[in-house]
*Asks:* 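Quick one: structure below, then a few questions.
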Amino acid sequence: MINSLDTVSKEQRQTFLDIATEAACAGGAILRSYWGNLKEIEEKRPGDLVTIADKESEAIVLSILQRHFPDHGILAEESGVLGNTESRYLWAIDPLDGTTNYAHQYPFSSVSIALLIDGIPSVGAIYDPFRDEIFRAATGLGATRNRLPIHVSKTTELSRSLLVTGFAYDRTLVEDNNYAEFCHFTHITQGVRRGGSAAMDLAYVACGRLDGYWERGLSLWDLAAGGVIVREAGGIVTAYDGSEHIPKSGRLLATNGHLHKQMVDELALIKPLPFKFPFGR
Ligand code: IPD
Ligand code: CA
Ligand code: CA
């Protein structure tokens, strides 16, 4: 079978990565400019916020990508599907990952940009405008933080690990809300963090600050860039059951590799907590 990347040269991949970086940093500058200065915060659905910073960050990211790659397809969180849907290239954009944090002036958010080639996440750039950290990777080119190589952690035992997770906006409406998993892993590890930016959570696994991450209900724009960066940093990214295919429910597991099978085995055992549903709000 021809690997789709065989038809995309290393130089091309580097160019895609450089433009993704330029776009992510431009989006990040918008996030800095509105920091602490939001006049209005809209709610798309209960708990799911959007601000002018999300919209303007997306606008500048789109303008850069469309100027360089007018024939590519785009999936952007706030604008939806744009461009050439027949193209083998699809950009997945989260212009502000961590809007809830941002709206509360909790400085943990990012701009996340991925390029999928023939449906496979192949380039990723995640920019944290608060720490001025840019996490980047392209398949076969390795992963970096501020241009220096990064690698996943060496932790081999869950009992010595620090994990991270998140909770989707439908968490009060579904039984499969990740509360049981959160309790379970909190009990058997050194701790579970809730970062509030899936892209940053993945970037932190990639650079070894965290040992593993799981979350359900993710969208392509949340996970695609981080997935490439974790893989290129030596980690493993799969569905909860260890399979390569990430199902629509977005049940993503990303680890340093050493903990992967242990986490797959634990996730298979966990049953939802016996809450009464739906909670409503
Ligand atoms: C959210 C963040 C959060 C995760 C949610 C995402 P948004 O993205 O990544 O960490 O738990 O599932 O939807 O809405 O801030 O772009
Ligand atoms: Ca997001
Ligand atoms: Ca977002």
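This chain uses plain numbering: 1 for the first residue, then up along the sequence. Every number for a ligand or one of its atoms is a count from 1 in the order of the listing. Heavy-atom basis, side chains included; hydrogens, waters and symmetry copies ignored. None of these values were measured; they are calculated from a predicted model.
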*Asks:* For the 3.5 Å polar cut-off, considering only N or O atoms, please tell me whether Gly98 and ligand 1 meet it.
*Replies:*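 Such a contact does occur with ligand 1.
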
*Asks:* Look at the N, O or S atoms of Asp94, main chain and side chain alike, and state whether any lies under 3.0 Å from the Ca ion (ligand 3).
*Replies:*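 Checking the Ca ion (ligand 3) against Asp94, an N, O or S atom does fall under 3.0 Å.
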
*Asks:* Less than 4.0 Å is my threshold; does some heavy atom of Arg194 fall inside it relative to ligand 1?
*Replies:*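 It does; at least one heavy atom falls under 4.0 Å.
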
*Asks:* Using a heavy-atom cut-off of under 4.0 Å, does the side chain or the backbone of Lys44 touch ligand 1, or both, or neither?
*Replies:*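 Contact part for Lys44 vs ligand 1: neither.
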
*Asks:* Is the distance between the Ca ion (ligand 3) and the nearest N/O/S atom of Glu78 smaller than 3.0 Å?
*Replies:*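 Given the 3.0 Å cut-off, Glu78 does not count as a ligand of the Ca ion (ligand 3).
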
*Asks:* Thinking salt bridges, do Glu58 and Lys55 make one under a 4.0 Å N-O criterion?
*Replies:*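 Looking at Lys55 together with Glu58, the answer is no, because their closest N to O distance does not fall below 4.0 Å.
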
*Asks:* The Ca ion (ligand 3) to Pro95: any N/O/S contact under 3.0 Å?
*Replies:*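 No.
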
*Asks:* With a cut-off of 3.0 Å, does Asp222 put an N/O/S atom close enough to the Ca ion (ligand 2)?
*Replies:*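 For Asp222, the answer is yes, given that an N, O or S atom comes within less than 3.0 Å of the Ca ion (ligand 2).
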
*Asks:* Mind telling me whether Tyr204 and Phe108 have parallel, tilted or perpendicular rings, with 30° and 60° as the class edges?
*Replies:*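 Rings of Phe108 and Tyr204: perpendicular, as their planes differ by over 60°.
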
*Asks:* Any idea which N/O/S atom from Asp97 gets closest to the Ca ion (ligand 2)?
*Replies:*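 Within Asp97, restricted to N, O or S, the Ca ion (ligand 2) is closest to atom OD1.
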
*Asks:* Do Tyr89 and Phe16 make the cut of ring centroids closer than 6.0 angstrom?
*Replies:*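 Yes; Phe16 has its ring centre under 6.0 Å from that of Tyr89.
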
*Asks:* So is there a nitrogen or oxygen of Thr100 less than 3.5 Å from a nitrogen or oxygen in ligand 1?
*Replies:*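 No - when backbone and side-chain N and O of Thr100 are compared with those of ligand 1, no distance drops under 3.5 Å.
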
*Asks:* For the Ca ion (ligand 3), give me the closest N/O/S atom belonging to Glu77, just the atom name.
*Replies:*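 Of all N, O or S atoms in Glu77, the Ca ion (ligand 3) lies closest to OE1.
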
*Asks:* Do we see a donor-acceptor contact under 3.5 Å between the side chains of Thr21 and Asp18?
*Replies:*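 Result is no, nothing qualifies.
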
*Asks:* If you measure every N/O of Ala198 against every N/O of ligand 1, is any gap under 3.5 Å?
*Replies:*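 Yes, at least one N or O pair falls under 3.5 Å.
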
*Asks:* For Glu215, is at least one N or O under 3.5 Å away from an N or O on ligand 1?
*Replies:*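 N/O-N/O distance below 3.5 Å exists for this pair.
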
*Asks:* Is there a polar contact, in the sense of an N or O pair closer than 3.5 Å, between Ala168 and ligand 1?
*Replies:*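 Such a contact does not occur with ligand 1.
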
*Asks:* For Leu96 and ligand 1, answer yes if some heavy atom of the residue is under 4.0 Å from a ligand atom, otherwise no.
*Replies:*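 Per 4.0 Å heavy-atom rule, Leu96 contacts ligand 1.
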
*Asks:* Which is it for Tyr169 and ligand 1 at heavy atoms under 4.0 Å: side chain, backbone, both or neither?
*Replies:*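 Side chain only.
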
